[in-house]
Number of protein chains: 2
Amino acid sequence: MRSLKYAILGLLCRHPMTGYEIAKEFNYELAEFWYANHSQIYPELKKLNEEGLVSYDIEISGEILEAKRYTITEEGYKEFDKWLNKDEKMQKTPKDIFRLRMYFSGNLDMEARIHLLENQRQQHVKRLNTLKKRFEQYSEVPPRNSDRFGDFVVLRGAIMRQQNIIAWIDECIGFSKEDY
Amino acid sequence: MRSLKYAILGLLCRHPMTGYEIAKEFNYELAEFWYANHSQIYPELKKLNEEGLVSYDIEISGEILEAKRYTITEEGYKEFDKWLNKDEKMQKTPKDIFRLRMYFSGNLDMEARIHLLENQRQQHVKRLNTLKKRFEQYSEVPPRNSDRFGDFVVLRGAIMRQQNIIAWIDECIGFSKEDY
DNA sequence: TTGAGCATGTAAGTCGTTACATGATTTC
DNA sequence: GAAATCATGTAACGACTTACATGCTCAA
């Protein structure tokens with residue numbers, strides 16, 4: 001499916017970037033729904049360049065240190081736009097190790113089960129608070145044709161997702177504590 | 001991490017199964033949070049057998065057709081139990097192509113964006129209805145030390161997750177339609 | 001001068017998908 | 001007799017992770 005290809009092209013639509021900057025982006029804002037390590041990004045950029053979808057200029061910092069600043073080409077933009085407009089089948093529900101564990105939780109006693117749930121809950125609450133903090137920067141919905149609109153809706157989605165997981169965990173804790 | 005290993009061991013804790021049956025399970029109930037194809041399962045079972053975590057007996061249907069029915073060993077159960085009790089770090093948020101698309105939706109005009117959202121919404125509603133139907137079999141919460149308890153909580157989690165995604169999509173549609 | 005961050009790359013290995021490959025049994 | 005389902009396996013490829021490998025720049 002070459003998803004990484006489109007993730008990179010999409011970022012380059014905004015403005016030219018180096019591989020290093022793309023990697024940072026993939027480990028901060030985008031990390032809510034996409035990520036990649038530099039070891040995947042550099043080869044992909046090389047490939048995109050060979051395919052004529054991006055080009056680059058070399059920038060020098062100090063005396064020697066080189067950085068390749070990549071720009072999307074006309075052809076690259078066309079391909080990205082085609083992808084962006086394409087209807088897609090809903091993706092398979094993602095694998096979730098914690099849910100797998102809960103699926104098998106009949107093998108656990110009450111204390112162990114609740115311990116696992118509380119531990120997971122705590123981590124998700126922490127995550128949620130980070131997201132909420134980041135959300136504070138938006139005093140209103142950004143213009144819908146701006147880049148910030150995209151940032152805004154996925155951040156909102158990430159918050160809702162976290163809240164939902166916490167609600168589920170709370171239900172699970174409740175079910176585990178009740179006596180039947 | 002060998003997650004597939006533990007998914008298989010967990011299933012075999014319930015009762016002995018053939019590779020074919022495991023594959024079916026991974027494409028029906030478990031599909032809400034785990035899945036694997038037979039091409040991954042057969043080699044894994046072979047490996048687990050070599051490691052002494054499972055054993056098998058050969059069953060014959062008709063005249064010739066052989067099936068290997070796998071049973072978890074004492075050692076296999078011990079390893080599974082150790083894994084099940086282990087606290088785990090919250091997993092990275094899963095990759096989500098539709099969210100990636102929405103992140104870049106500033107490049108789309110209103111009609112195109114809403115079209116994508118409506119299309120996705122429809123698929124998620126359909127999925128939700130299937131899940132709700134499956135949920136009807138539970139008139140009450142199953143005993144918490146039974147296998148059905150695990151089935152129940154993950155199904156409940158899948159329903160909540162679907163509802164949440166739909167709520168997010170609806171918000172996105174709302175934001176896209178408003179005028180600023 | 002030392003450490004954090006900038007910057008790029010490759011290699012080995014694991015995980016997962018799709019396709020290839022074969023054949024038996026049951027049900028209509 | 002045909003089709004669906006049972007049953008098992010391998011091969012090739014692509015996606016992703018972890019580790020290896022190197023060297024520069026800037027600020028404290």
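Letters go in sequence order (proteins before strands), and every chain restarts at 1.
- Protein atom CG of A/Asn49 is 13 Å distant from nucleotide atom P of C/dT8, rounded to whole Å.
- As judged by a 4.0 angstrom heavy-atom cut-off over every strand, B/Lys5 is placed among residues making no nucleic acid contact.
- Geometric assessment of B/Lys95 against the ring of A/Tyr35 yields a positive cation-pi assignment under the 6.0 Å and 45° thresholds.
- Rounded to whole Å, the distance from NZ on B/Lys47 to C1' on C/dC15 is 11 Å.
- Taking the 5' to 3' direction, DNA chain D first and last meets chain A under 4.0 angstrom from a heavy atom at D/dA15 to D/dT25.
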Using nucleotides 25-28 of chain C, report all nitrogen or oxygen pairs with the protein that are shorter than 3.5 Å.
| unit_1 | atom_1 | unit_2 | atom_2 | d |
| --- | --- | --- | --- | --- |
| C/dT25 | OP1 | B/Ser61 | O | 3.1 |
| C/dT25 | OP1 | B/Glu63 | N | 2.6 |
| C/dT25 | OP1 | B/Ile64 | N | 2.8 |

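- For the pair A/Arg99 and A/Trp168, the cation sits on the ring face: its NZ or CZ lies under 6.0 Å from the ring centre, inside 45° of the axis.
- Within the nucleic acid shown, A/Ser3 has no heavy atom closer than 4.0 Å to any nucleic acid atom.
- Between B/Glu171 and A/Arg156, at least one side-chain N (NZ, or NE/NH1/NH2) sits under 4.0 Å from a carboxylate O, which counts as a salt bridge.
- Nucleotide C/dG16 holds its P atom 15 Å from the CD atom of A/Gln91, rounded to whole Å.
- In this structure, A/Gln40 and A/Ala67 both approach DNA chain C, and ranking their closest nucleotides by distance from the 5' end singles out A/Ala67.
- For the pair B/Arg2 and A/Thr18, both in contact range of DNA chain C, the more 5′-proximal nearest nucleotide belongs to A/Thr18.
- Under the 6.0 Å cut-off for aromatic ring centres, A/Tyr103 and B/Phe33 qualify, their centroids lying closer than that.
- Each of B/Tyr42 and B/Lys95 was matched to the nucleotide of DNA chain D holding its nearest heavy atom; the match closer to the 5' end belongs to B/Tyr42.
- With no hydrogens or angles considered, a side-chain donor-acceptor pair links B/Ser105 and B/Arg113 at under 3.5 Å.
- A straight line from CG of B/Asn27 to C1' of C/dT18 spans 14 Å, rounded to a whole angstrom.
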Q: Go through the steps for A/Asp87 and B/His115 under the test side chain to side chain donor-acceptor pair (under 3.5 Å), then give the verdict.
A: CA-CA 9 Å; A/Asp87 275 321; B/His115 174 78; 2.7 Å; yes
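- B/Phe135 and B/Phe152 have their aromatic ring centers within a separation under 6.0 angstrom.
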